[in-house]
Amino acid sequence: MLDIKIIRDNPEEVKTRLKSKLVDCDTAIDRIMVLDGQRRELIFKTENAKSEQNKVSKDIPQLKKAGEDTTEILGRMNALKNEIKAFDDELKQVEDEYTELMLSLPNLPDPDLKPGGKENNAPLRFCGSSKVCDFEPKNHVDLCTDLGLIDYPRGTKLAGNGYWIYRGMGARLEWALLNYFIETHELEGYELLMVPHMLNYECGLTAGQFPKFKDEVYWVETAEDQQRRFMLPTAETALASIHRDEILTEAELPRKYISYTPCFRREGGSYRAEERGMIRGHQFNKVEMFQVTKPEDSDAAFEELVTKAEMLVKNLGLKFRTVKLAAGDCSASMARTYDIEVYIPSMGGYKEVSSVSNARDYQARRGQIRFRREETGKVEFCHTLNGSGLATSRVLPAIVEQYQNADGSVEVPKALRRFMRGKETISKKDILRVQMKNPLSCG
RNA sequence: GGAGAAGUACCCAAGUGGCCGAAGGGGCUCCCCUGCUAAGGGAGUAGACGUGUCAAAAGCGUGCGAGGGUUCAAAUCCCUCCUUCUCCGCCA
């Protein structure tokens, strides 16, 4: 949520800055300006009436005790009551519309961002190099299928299109990635949180997904109670609400959290064809990093998160690049975003494995995440930042493609080996070995 | 899932229609007194949000889990919801 004062003081500038994000909020802002005026006028009226009501109300008991006639005064009070009710009703209407519009406005992009969409994204740096293959490289779907890492058809059988099953060494590899990420973060002072995977509406509102994008998540409701919850689309949605409605002490900042969760997304009208396999599914795994900071510390925190994400990819030995997103490609809640994109040879391009963003005070305002500054004793909004660290489901395809050998086997990145009992290579032989050891495994 | 009970300030807690912007205690802060391991005395302690303002301040409004309602007036009465606790049942 934006600070109404910024809009009030400079509506035209806000319009322009939001336009650089490719959203036209002109009518919304014009309307907000009108509603803001009406709102304050109504507050003035209703509060005046209430003030009178309070004053007179104090005298009534005495008058009654003294046995005086109160009919006239009660008549006035009755009129006041109706007046207040009318003002309040009108105010509620105005405030409802006002709040809805305010919640619908996206965050202001940082001034240094290029305006416009994807086409204006700018790669900041490249890292790593492609292995030169003296053989015809396979794509990750074939590799995962041939090596028995992923079972696509049975995943679809269980849950439909966009779901898959990690099996055997594939599951181990995925698990190793999660362990590697979590261990790295913990060593760097981040606290691991295991959060609910189903969240209430306020979480989506605070993070900025709602009300606008409430159709992009899966809703779960029970027949008996109408309490709706949704499957989280990212752990950020949960983490942004950890300190909702709290006033932290300055000493408690920054808060640095990580959380592993599956992420559930409807991905309506998706990219399909060119994104085979597990590039885009309805459920994928991700370790999320999250920080709550003082306003003056969020720029440094942002750099820290970007570096952390980059180091994870780098230490896996993967070729990747870091991209500074143009204003229009940043999501609604974010003031700035850098993507880490890993190279997928079969696609001849890069795919996002991490997205690091600074929401500044946007989420904090929506969720009342505040802290008390020691020096002034005043309450201020925190800044919130988030970044994937990393989305494993996108890393695994990159690993199998970038680490494939001529014989169809795949080398295990060194960083992961200690999480896989020292395993160095995954080959077809592993399918048999896994199945022999596990009589329950069928097919 | 069934049956009960409860949610009041940092914590405990009193309070069944106006005198409650909320008794009392603990804690915390400040002050005083006293030299035997700490005790006693006094004072302060609702924060927050909204409005107001160039910004602040004063003032005003809202606040006793949340939202509605009744009433001239609600912590107090009514309704809905949420949460917590106890007992029973079920269960990883």
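Given the structure is predicted, the values throughout are model-derived calculations rather than measurements. A note on names: the letters A, B, ... follow the listed sequences, proteins ahead of strands, and every chain is numbered from 1.
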So that I can tick it off, tell me whether [Y] and [X] are bridged by a salt bridge, with the cut-off set at under 4.0 angstrom between side-chain N and carboxylate O.
X        : Y        : answer
A/Lys157 : A/Asp151 : no
A/Arg40  : A/Asp36  : yes
A/Glu246 : A/Arg255 : no
A/Asp9   : A/Lys5   : no

### Task
Could you check which of B/rG52, B/rC49, B/rA73 has an atom nearest any side-chain atom of A/Val379?
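Among the listed nucleotides, the one closest to the side chain of A/Val379 is B/rC49.
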
### Query
Which of these nucleotides, B/rG47, B/rU51, B/rU71, is closest to any side-chain atom of A/Ile43?
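Comparing B/rG47, B/rU51, B/rU71 against the side chain of A/Ile43, the answer is B/rU51.
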
Give me the distance, rounded to whole Å, that separates [N] from [M] when you measure between the [atom1] atoms they each carry.
N      : M      : atom1 : answer
B/rU29 : B/rC85 : C1'   : 34 Å
B/rA92 : B/rG15 : P     : 45 Å
B/rC36 : B/rU45 : C1'   : 33 Å
B/rC32 : B/rU51 : P     : 43 Å
B/rC78 : B/rU16 : P     : 14 Å
B/rA14 : B/rA9  : C1'   : 14 Å
B/rG27 : B/rA13 : C1'   : 14 Å
B/rG65 : B/rG7  : C1'   : 6 Å

For [X] and [N], give me the distance from atom [atom1] to atom [atom2], rounded to whole Å.
X        : N      : atom1 : atom2 : result
A/Glu95  : B/rC49 : CD    : C1'   : 12 Å
A/Phe44  : B/rG52 : CZ    : P     : 10 Å
A/Asp59  : B/rC72 : CG    : P     : 17 Å
A/Asp245 : B/rU83 : CG    : P     : 15 Å
A/Glu380 : B/rC49 : CD    : C1'   : 16 Å
A/Asp3   : B/rC49 : CG    : C1'   : 14 Å
A/Glu41  : B/rC60 : CD    : P     : 22 Å
A/Asp88  : B/rG67 : CG    : P     : 13 Å

### Task
Considering just the side-chain nitrogens and oxygens of A/Arg39, establish if one lies under 4.0 Å of OP1 or OP2 belonging to B/rG50.
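No, because none of the side-chain N or O atoms of A/Arg39 sits under 4.0 Å from OP1 or OP2 of B/rG50.
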
### Task
Taking only the side-chain nitrogens and oxygens of A/Lys85, find out if one of them lies under 4.0 Å from OP1 or OP2 of B/rG69.
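A/Lys85 to B/rG69 OP1/OP2: side-chain N or O found under 4.0 Å.
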
### Task
Say whether A/Ser409 and A/Ser427, considering side chains only, have a donor N or O and an acceptor N or O under 3.5 Å apart.
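The answer is no; no qualifying pair exists.
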
### Query
Does any donor atom in the side chain of A/Asn161 or A/Thr156 lie under 3.5 Å from an acceptor atom in the other side chain?
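There is no such pair between these side chains.
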
### Message
Once side-chain contact (heavy atoms from CB on, under 4.5 Å) is applied, do any residues pair with A/Val141, and if so which ones, sequence neighbours excluded?
### Response
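Per chain and number, A/Val141 pairs via side-chain contact (heavy atoms from CB on, under 4.5 Å) with A/Asn139, A/Thr145, A/Tyr152, A/Arg276.
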
### Message
List the residues meeting salt bridge (charged side-chain N to carboxylate O under 4.0 Å, His left out) with A/Asp59, not counting sequence neighbours, and say none if there are none.
### Response
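Per chain and number, A/Asp59 pairs via salt bridge (charged side-chain N to carboxylate O under 4.0 Å, His left out) with no residue.
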
### Query
So which pairs with a foot in residues 107-116 of chain A pass side chain to side chain donor-acceptor pair (under 3.5 Å), sequence neighbours left out?
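Listed once each, the pairs are A/Asp110-A/Arg336, A/Asp110-A/Arg360, A/Asp112-A/Lys324, A/Asp112-A/Arg336.
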
### Task
Between A/Arg372 and A/Asp89, name the one whose nearest nucleotide on RNA chain B is closer to the 5' end.
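Here A/Arg372 is the residue nearer the 5' end.
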
### Query
For RNA chain B, whose closest nucleotide is more 5', that of A/Gly377 or that of A/Lys81?
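That would be A/Gly377.
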
### Touch class at under 4.0 angstrom, heavy-atom based, for A/Arg370 against every strand present
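Sugar-phosphate contact only - A/Arg370 comes under 4.0 Å of backbone atoms but never of a base.
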
### Task
Check each residue of residues 45-56 of chain A for a non-hydrogen atom within less than 4.0 Å of any atom in RNA chain B, then write out the ones that pass by number, or none.
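A/Glu47, A/Lys50, A/Ser51, A/Gln53, A/Asn54 - these, ordered by number, are the residues of the stretch whose heavy atoms sit under 4.0 Å from the strand.
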
### Query
Do you know the tightest heavy-atom contact between A/Gly389 and A/Phe181?
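Result for this residue pair: O-CB, 3.5 Å.
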
### Query
Is there a side-chain contact between A/Leu312 and A/Ser354 (heavy atoms, below 4.5 Å)?
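Sidechains of A/Ser354 and A/Leu312: no contact.
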
### Message
Under 6.0 Å between ring centres: does that hold for A/Tyr338 and A/Phe302?
### Response
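Ring-ring flag for A/Tyr338/A/Phe302: true, centres closer than 6.0 Å.
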
Within the sub-3.5 Å range, which N or O atoms of nucleotides 18-20 of chain B have a protein N or O partner, and how far apart are they?
residue : atom : partner : partner atom : Å
B/rG18  : O6   : A/Lys64 : NZ           : 3.2

### Message
Requiring both pairing distances under 3.5 angstrom, list the stems that contain RNA chain B and are made of three or more consecutive Watson-Crick or G-U pairs.
### Response
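So the stems come out as B:1-7 with B:82-88, B:10-12 with B:24-26, B:27-32 with B:40-45, B:48-51 with B:59-62, B:65-69 with B:77-81.
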
### Query
Under 6.0 Å from the CD atom of A/Glu100, do we count more than 12 heavy atoms belonging to anything else shown?
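No.
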
